[in-house]
Asks: 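Let me give you the structure first, and then I'll get to my questions.
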Amino acid sequence: MTKKILKNIYFVGCEDWKVRDFHSFTTPNGVTYNSFLILDKKKVLMDTVKETFFTTFVENIKSVISLNEIDYIIINHAEPDHASSLSKLMAKCKQAKIVCTKKCHEILAGYHDISSWNFIIVNEGNVLSIGNRTLKFIPTPMVHWPDSMFTYVEEDKILFSMDAFGQHFSSSNKFDDEVDFCAIINEAKRYYANIVMLYGKLVANLLNKLSSFDIKYIIPAHGVIWKKHIKEILSSYNSWANYQVKPKILIIYDTMWQSTKKMAEAIFNGACKDNVNVKLIYARSTDITEIATEFLDATCVAFGSSTLNKQMMPQMASVLSYLKGLYPHKKYIALFGSYGWGMGAIEDMEKYLKDSSFEAIEKSIKTKWNPSKEVLSLCESLGEKLANKALTINNN
Ligand code: FEO
């Protein structure tokens, strides 16, 4: 689908309507690989698409201009979802120059034979005049890869923001005021939690830098264009990047014969106080992308597991590994679980979380076989403690 979005600017990207797994990120609303043509004295292609969509991508471009008219291809990020079609494209646009950062050049060389390609390597603040427009380049290392950059079009006040502010959201509508706001802000949150959370401090610095830019449109490489809701998406990013949390508690557990489940429910009962949002999450039936999204703004998390083969249950190991890797700001945590003839789950979880950014709020609770009334009462007290902690958080 080709769509004129602004004067002399066309969407030529591709919608991946049916994808439900984007390198383990679940995508119930599909994915968009955004690419745009900017027609000025020079013709510019802003990013490309995943190679799978190359044929459609070329048809989209050709419905506006011929491939040999393209002067510059701006590669804001070398990750294959945005640049894997570059080899095929460059075979057809031999005269085009690729504009990217030095790091992006290095990464492109790792994926493609770049020996015959012409590059313009740009750095912080470099500009490129394309006629009536000036493109300004803003490297954004680690948002999302070391090579990443934003491109700002001064005259139109457009920020091409690559992965930042993106949403995995397929849509024939290209602007935020043409789709359901709740759907896109929720997808933006899922995207931030699962792709960007690890780089929160860098994002916070970047947001400070952006405050000096006059921005009318934010055009990410995934999802819709922010136009009406720029204030809201910047404010959400500001909150997420500065690790702002809510009075929210997650109780995430896996269970074998319901003992750990009973403990989880007792913690839940203790934690359910006014003004506290408590979520009981059964790890084995809850998608890990969703767990990370809930985790982003939670204050406290209780992790529970039965013992299986002297270890925590495999789905809990997967959850802990994923959340630990996202390197969230300090979260207050508690561990609980059950065992039979041999212990292991709690010890395994404790060992795993030793070097994490999590802080234990209470001694772990474990039970042999079925939890007694005393154990369930301890669990309820733990829930109350978690709720009290969540209610006293201070985001400053
Ligand atoms: Fe959408 Fe980091 O790639």
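What's counted below: heavy atoms across the whole structure, side chains too, no hydrogens, waters or symmetry copies. Every number for a ligand or one of its atoms is a count from 1 in the order of the listing. The structure displayed is predicted, hence computed values, not measured ones.
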Asks: Regarding Asp81, does it place an N, O or S atom less than 2.8 Å from atom 2 (Fe) of ligand 1?
Replies: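 Asp81 does not place any N, O or S atom closer than 2.8 Å to atom 2 (Fe) of ligand 1.
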Asks: Check this for me, if you would: do Lys42 and Glu69 make a salt bridge, where the nitrogen-to-carboxylate-oxygen distance has to be below 4.0 angstrom?
Replies: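 Looking at Lys42 and Glu69, the cut-off is not met.
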Asks: Taking Thr32 for the side chain and Glu15 for the main chain, is one N or O donor matched with an acceptor at less than 3.5 Å?
Replies: no
Asks: Assess whether a salt bridge exists between Lys50 and Asp81, defined as any Lys/Arg side-chain N lying under 4.0 Å from an Asp/Glu carboxylate O.
Replies: no
Asks: Could you pull out the atom name of the N/O/S atom in Asp163 that is nearest atom 1 (Fe) of ligand 1?
Replies: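 Output for this pair reads OD1.
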Asks: Can you tell me if NZ on Lys103 sees more than 12 non-hydrogen neighbours from other groups inside 6.0 Å?
Replies: no
Asks: Salt bridge between Lys310 and Glu347, side-chain N to carboxylate O under 4.0 Å?
Replies: no
Asks: Would you check if atom 1 (Fe) of ligand 1 lies under 2.8 Å from any N, O or S atom of His222?
Replies: yes
Asks: Restricting to N, O or S, what is the name of the atom of Glu79 that lies nearest atom 2 (Fe) of ligand 1?
Replies: OE1
Asks: Distance check below 2.8 Å: does His82 bring an N, O or S atom to atom 2 (Fe) of ligand 1?
Replies: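 Within the cut-off used here (under 2.8 Å), His82 places no N, O or S atom near atom 2 (Fe) of ligand 1.
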Asks: Of all the N, O or S atoms in His144, which has the shortest distance to atom 2 (Fe) of ligand 1?
Replies: ND1
